[in-house]
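What follows is a set of notes on a single structure, which appears directly below.
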Amino acid sequence: MSGLLEEGIGLMVLGMGFVFLFLIILIFVTGYMSRLLNHFFPEVQVATPVEPTARSVNQPSIDAQMVAVITAAVHQHRNNNTN
Amino acid sequence: MSGLLEEGIGLMVLGMGFVFLFLIILIFVTGYMSRLLNHFFPEVQVATPVEPTARSVNQPSIDAQMVAVITAAVHQHRNNNTN
Amino acid sequence: MSGLLEEGIGLMVLGMGFVFLFLIILIFVTGYMSRLLNHFFPEVQVATPVEPTARSVNQPSIDAQMVAVITAAVHQHRNNNTN
Amino acid sequence: MESKLLNLFHDTGFYQLELGQFVMICVGLLLVFLAIKKGFEPLLLLPIGIGAVLVNIPGAGFMAAPVYDAAGHMVSPGGLQYYIYHGGIETGLFPLIIFMGVGAMTDFGPMLANPKTLLLGAAAQFGIFATVIGAVLLGASGIMDFTLADAAAIGIIGGADGPTAIFVASRLAPDLLGAIAVAAYSYMALVPLIQPPIMRALTTPAERSIKMVQLREVSKREKIIFPVVVTVLVAMFLPSAAPLLGMFCFGNLMRECGVVNRLSDTAQNALINVVTIFLGLGVGSKLSSEDFLNLETLGILALGLVAFSIGTAAGILMAKLMNKMSVHPINPLIGAAGVSAVPMAARVANKVGLEANKQNFLLMHAMGPNVAGVIGSAVAAGVMLSYVAG
Amino acid sequence: MESKLLNLFHDTGFYQLELGQFVMICVGLLLVFLAIKKGFEPLLLLPIGIGAVLVNIPGAGFMAAPVYDAAGHMVSPGGLQYYIYHGGIETGLFPLIIFMGVGAMTDFGPMLANPKTLLLGAAAQFGIFATVIGAVLLGASGIMDFTLADAAAIGIIGGADGPTAIFVASRLAPDLLGAIAVAAYSYMALVPLIQPPIMRALTTPAERSIKMVQLREVSKREKIIFPVVVTVLVAMFLPSAAPLLGMFCFGNLMRECGVVNRLSDTAQNALINVVTIFLGLGVGSKLSSEDFLNLETLGILALGLVAFSIGTAAGILMAKLMNKMSVHPINPLIGAAGVSAVPMAARVANKVGLEANKQNFLLMHAMGPNVAGVIGSAVAAGVMLSYVAG
Amino acid sequence: MESKLLNLFHDTGFYQLELGQFVMICVGLLLVFLAIKKGFEPLLLLPIGIGAVLVNIPGAGFMAAPVYDAAGHMVSPGGLQYYIYHGGIETGLFPLIIFMGVGAMTDFGPMLANPKTLLLGAAAQFGIFATVIGAVLLGASGIMDFTLADAAAIGIIGGADGPTAIFVASRLAPDLLGAIAVAAYSYMALVPLIQPPIMRALTTPAERSIKMVQLREVSKREKIIFPVVVTVLVAMFLPSAAPLLGMFCFGNLMRECGVVNRLSDTAQNALINVVTIFLGLGVGSKLSSEDFLNLETLGILALGLVAFSIGTAAGILMAKLMNKMSVHPINPLIGAAGVSAVPMAARVANKVGLEANKQNFLLMHAMGPNVAGVIGSAVAAGVMLSYVAG
Ligand code: NA
Ligand code: NA
Ligand code: NA
């Protein structure tokens with residue numbers, strides 16, 4: 001019985017330790033990577049998109065594409081009308 | 001030989017009996033379900049679509065979506081022009 | 001050792017021979033097929049599309065569809081405005 | 001090297017081709033021709049036809065079984081159709097996945113608006129069981145070598161429902177699967193030719209002109225709960241039909257519930273298309289000369305036609321009976337749609353109705369018995385699986 | 001024929017249904033109801049619920065194993081869920097493919113803009129390990145029959161990540177897989193109810209109103225190299241997490257690299273949808289009455305809730321600590337998003353933040369810890385797999 | 001617990017990583033870099049590269065075989081790449097499905113308008129067989145350990161066709177599959193660098209400026225019947241090429257027949273994308289250090305380059321010969337497109353032609369030999385499979 005509990009505590013200590021260790025290493029490596037990249041390729045910047053990460057709606061890319069095409073079409077049309 | 005025929009007739013009687021039994025039960029249960037639902041949720045009514053059931057065209061949903069977006073875009077555009 | 005080389009040469013001779021044999025037969029059969037078809041069904045002619053064979057872009061059909069719908073929408077809209 | 005050249009020649013089709021294989025390649029090409037030129041259920045008959053051509057190429061090994069050594073390492077890989085047939089058809093996976101997709105494409109609205117049309121979907125299944133008797137007679141009289149299981153599998157052609165026929169045949173009579181599937185899809189494609197004469201023979205112009213009252217609107221809620229109700233009823237009354245109807249209702253629930261549209265779209269498109277390609281190639285693999293070129297195939301083709309005709313007639317007669325007993329008039333033509341063959345049979349009913357009365361649009365009224373026929377033949381399939389195994 | 005009729009009756013659900021099966025069918029229908037009516041993670045809970053209904057239909061054989069004769073020919077085919085479970089879940093293929101698709105849907109931009117939020121994703125995994133202790137105590141005290149492997153699999157519910165939970169459970173405690181998956185997805189759906197009270201209890205209104213500095217822009221190049229870096233780090237530090245994180249990073253690389261958009265689109269749509277349908281049916285197959293209707297399930301449901309709560313609290317407390325030590329202010333609410341449950345937990349953080357300060361949009365700030373939580377729980381899963389097996 | 005910590009440390013990549021694995025992870029990352037940064041056939045080389053990284057992570061078990069107990073229950077599940085490789089590549093399923101998709105993407109119109117270009121697709125296969133001789137010489141001289149089967153599999157790199165190369169290698173030389181696939185796809189990506197110097201060396205500016213007469217229009221009917229004709233010819237003359245060409249023609253028939261557009265769309269998109277992802281990961285699994293890090297790999301890379309060069313030269317020389325003997329002028333550059341590498345080689349021919357004459361658009365003329373090259377190398381593959389096995 002106490003063996004099981006001991007093992008559980010061991011798993012907790014090792015597990016949390018490892019999770020923190022790994023993510024802290026990742027913080028440093030990621031930060032270093034970003035600094036390196038932004039030093040050597042300073043111009044290549046894109047805006048962080050504002051939408052949430054995991055899209056649950058269906059194929060938003062099609063929507064986006066559609067909206068873009070629509071916008072272009074309507075824009076062109078408006079220009080045509082102005083002339 | 002007659003054993004096979006007998007079995008076949010047995011299958012026919014049982015089979016047609018069971019098919020009718022099941023579908024008649026389904027008629028009553030379905031009818032009861034509909035009455036119950038339309039009694040407790042009388043407002044939620046949608047029109048039965050007129051198109052045939054099994055759609056053989058590809059992704060009609062995209063078309064519908066597209067038409068909706070177009071309609072909205074053109075509508076908005078028209079409003080803009082009016083102002 | 002010389003056995004392996006011999007086998008390799010055999011494969012080359014047979015292989016090239018067979019490739020040429022097959023494709024030459026195909027030339028004749030294809031030519032014959034085309035002549036036959038164009039003799040019996042002379043009217044059914046479609047233009048060879050100009051785009052390269054293997055499409056690497058994603059789902060161009062959707063784009064085409066979209067453009068078609070847009071064109072129609074804008075066209076209709078323009079007509080509406082004219083009236 | 002001369003021996004290698006000889007080997008290569010011995011490998012050619014010219015040297016190896018047997019007459020039966022040649023005939024079956026021609027049969028495969030005929031199916032391809034019918035699919036493309038005549039529009040016979042091309043989604044299935046084109047892959048089946050090509051599958052039949054490929055499996056009959058001598059030495060191509062499309063149905064070769066893989067060979068493993070004692071340690072379990074592969075010595076020679078199997079053929080494409082071997083993996084497809086044993087992985088997807090023998091196991092029943094492909095017909096069930098297709099049935100799920102068909103469920104996701106099916107709108108039960110017209111049936112829910114008029115549940116009595118379920119009776120028409122029941123009556124039309126008489127074609128199935130009458131054909132069983134026909135096959136049993138052929139078997140019992142010694143003309144053909146049909147067992148009860150074979151007879152049941154042949155009868156299901158009358159269900160006019162491809163995945164159901166393939167599912168039942170793969171379980172009861174795998175050797176006849178090729179002929180049964182070809183018969184089922186061919187006659188489904190021929191519904192516009194088979195049904196109208198029977199419809200005209202059994203009805204008067206006045207009956208064909210009957211206008212039906214407009215269908216009530218069906219609420220979203222009814223459509224959502226209906227597949228659940230069917231699943232529960234199947235669980236209670238006929239578990240042997242649960243694989244077919246459970247997956248069908250699952251697909252329909254995904255369609256109607258409105259919260260898993262991306263799953264429903266995939267079930268109706270990418271997934272069903274992929275499985276259709278492989279199902280066709282797998283069914284085609286059963287069109288080998290030894291399985292197909294025999295008297296039994298002729299019997300199956302003949303019995304299938306009988307099944308369709310009797311089913312059509314039974315549906316129409318039941319509709320005439322219902323018309324006499326019902327308050328609201330019922331056009332007997334919609335009874336013919338009870339065989340399923342969705343949506344072809346409903347369109348035929350509509351067309352024949354329009355001939356009699358140019359203002360009489362029966363399409364939506366015929367969709368009720370049409371989808372009821374799908375349920376009916378799945379129930380019949382369940383009874384058969386239970387009866388033959390029990 | 002009377003015997004056949006009797007057989008048919010003996011085959012019905014009425015005759016065969018056991019109480020446990022009836023209860024589990026009701027549980028399945030409850031999951032379907034929650035999915036449709038309450039919007040509880042419907043993409044998974046709807047298929048799981050239907051899977052639970054189907055597997056508990058007596059005599060339907062959805063989990064029947066195939067039977068082969070001595071020569072290797074199939075005597076009777078297996079059930080649909082048998083093939084799905086053993087082919088896709090027992091092997092781990094389905095969760096890994098889904099994780100690849102999730103990777104292809106994930107934008108690491110907000111996390112790369114503020115890598116320190118990885119700490120929040122680490123802290124929130126405390127819920128996992130605290131729950132392990134809880135499960136171990138229940139097991140050690142003899143109240144429930146939990147081994148260390150069971151405890152680890154239960155703890156992973158606190159990771160708030162479906163595919164990770166299913167992957168770990170399929171490897172460490174297949175018998176508990178059904179309960180663990182249902183708990184994981186249910187609590188992920190309940191995040192908007194579980195988290196806010198804890199968030200309000202552990203923070204002051206002033207803390208909840210803290211505005212954070214706007215995130216810097218992240219270059220395309222950083223986003224491309226990040227998944228490669230994570231893969232290499234995993235290879236170096238924790239190979240047992242490589243299946244999960246390797247596939248996740250592969251999906252993310254396909255998304256970001258910009259040269260394989262057609263693969264990325266398929267991974268995010270057709271492929272993940274197909275696998276989700278089958279994963280749900282396969283997980284549902286573990287909701288049989290013998291596996292689910294016991295005290296352990298109650299323990300798992302209770303422990304899962306504890307895991308979510310402790311994880312939320314640990315994330316918030318870590319965020320408060322970081323806020324004290326950081327130059328730039330950190331709103332403690334975003335710590336709660338560290339449990340993952342992407343993107344629900346980030347939206348909850350945003351919503352609770354808006355309640356305190358109507359101009360305070362925390363969504364993008366919360367997406368950092370949110371996706372960090374996915375990495376964190378995959379790392380925790382790797383440690384568990386290595387520790388329990390080692 | 002110290003022992004557990006030690007276990008965990010022993011599980012890390014740091015402790016376990018062997019030099020060979022480290023080198024192969026770097027090779028995998030190099031492929032990823034080439035795919036993303038240089039645009040080298042990214043659809044394949046990205047998954048192959050990631051597959052190579054994953055399979056070389058020590059202890060991650062991506063190629064671990066599943067373990068079953070005596071009763072057939074799974075004791076430990078296999079790795080993802082184990083299932084992919086043995087399920088899809090060893091069996092030949094994935095290359096055949098991809099070939100079907102490629103068929104559905106291929107337009108034979110330009111070839112049908114000028115069938116003589118089939119000769120160019122034949123001549124360019126000389127690269128394949130010349131390379132076989134090269135490999136056989138290396139093997140016979142004892143420099144490298146190549147059998148006839150190995151030599152044939154290496155030669156097929158000169159076919160410039162990925163699925164064909166993978167299919168042949170998986171059957172004749174599975175150990176060399178990784179190197180052969182990497183060589184084939186790399187050189188296909190390098191066609192714009194490899195071919196132009198050879199094209200310029202073997203032609204005069206006047207020859208490169210030759211304008212060809214415009215292609216006639218090809219009827220839909222011809223396009224539909226052509227794949228059927230090829231299938232029948234293959235059945236008659238070379239059944240061993242039937243798996244490849246049969247599936248290719250099936251895909252093409254689905255494309256052209258116009259009645260199964262939904263199947264054709266799926267074959268070209270969702271299905272081929274899914275299989276491409278898995279094919280890449282499976283091929284990557286053969287980039288383990290023991291299979292890849294040896295002298296043979298260098299030989300394969302060198303021989304592959306030779307194969308491409310000789311194939312290009314043979315195509316050009318044949319075109320020059322045809323130009324002399326033909327009524328209508330033939331630009332020798334289109335001969336280089338006979339190696340296949342669709343559509344890259346045709347684009348290169350077009351580009352080099354434009355350099356010589358700014359009004360000379362060779363693209364459509366080069367598409368004929370380009371797709372003929374696909375048929376040619378599949379025929380060559382069939383001969384090899386038949387010859388080596390016979
Ligand atoms: Na039917
Ligand atoms: Na997590
Ligand atoms: Na080629």
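To find a chain, count down the sequence lines: A is the first, B the second, and so on, and within it residues start at 1. Hydrogens, waters and symmetry mates play no part in the numbers below; they use all other heavy atoms, side chains included.
- Within the 4.5 angstrom heavy-atom criterion, no atom of E:S377 approaches chain A.
- Remark: E:F129 CZ is packed, more than 12 non-hydrogen atoms of other residues, nucleotides or ligands lying under 6.0 Å away.
- Residue E:M111 does not touch chain A at all, counting heavy-atom pairs closer than 4.5 Å.
- Using a 4.5 Å cut-off on side-chain heavy atoms (C-beta onward), A:M33 and E:P115 make no contact.
- Using a 4.5 Å cut-off between heavy atoms, A:M16 contacts chain E through both its backbone and its side chain.
- Contacts of E:F361 with chain A are absent, with no heavy-atom separation under 4.5 Å from either backbone or side chain.
- A pairwise comparison of heavy atoms in A:F18 and E:V383 identifies CB-CG2, 3.6 Å as the closest pair.
- Of the atoms belonging to E:M318, it is side-chain heavy atoms, and not backbone ones, that fall under 4.5 Å from chain A.
- The closest side-chain heavy-atom distance from E:V379 to A:F20 is not below 4.5 Å.
- The backbone N or O of A:E7 lies less than 3.5 Å from a partner atom in the side chain of E:Y387, making a donor-acceptor pair.
- Using a 4.5 Å cut-off between heavy atoms, E:A380 contacts chain A through both its backbone and its side chain.
- When all heavy atoms of A:T30 and E:F226 are compared, the pair lying nearest together is OG1-CE1, 3.5 Å.
- Of the two parts of E:A123, the backbone and the side chain both hold a non-hydrogen atom closer than 4.5 Å to a non-hydrogen atom of chain A.
- The candidate from E:V229, E:L119, E:V132 with the greatest count of non-hydrogen atom pairs under 4.5 Å with chain A is E:L119.
- Both the backbone and the side chain of A:I27 come within contact range of chain E, judged by heavy atoms closer than 4.5 Å.
- Within the 4.5 Å cutoff, the side chain of E:L148 has heavy atoms near those of the A:L4 side chain.
- Interatomic distance, A:L37 CG to E:I225 CD1, rounded to the nearest 0.5 Å: 4.5 Å.
- For a residue to count as touching a neighbouring chain, one of its non-hydrogen atoms must lie under 4.5 Å from one of that chain's; by this rule A:I24 touches chain E with the side chain only.
- Considering all non-hydrogen atoms of both residues, A:S34 and E:R216 come closest at OG-NH2, 3.4 Å.
- Of the inter-residue distances, the one linking E:I133 atom CD1 with A:I9 atom CD1 reads 5.0 Å to the nearest 0.5 angstrom.
- Residues A:L23 and E:G121 approach most closely at CD1-C, 4.0 Å, considering heavy atoms.
- Of the atoms belonging to A:V19, heavy atoms from both backbone and side chain fall under 4.5 Å from chain E.
- Atom CG of E:L118 sits about 9.5 Å away from atom CZ of A:F22, to the nearest 0.5 Å.
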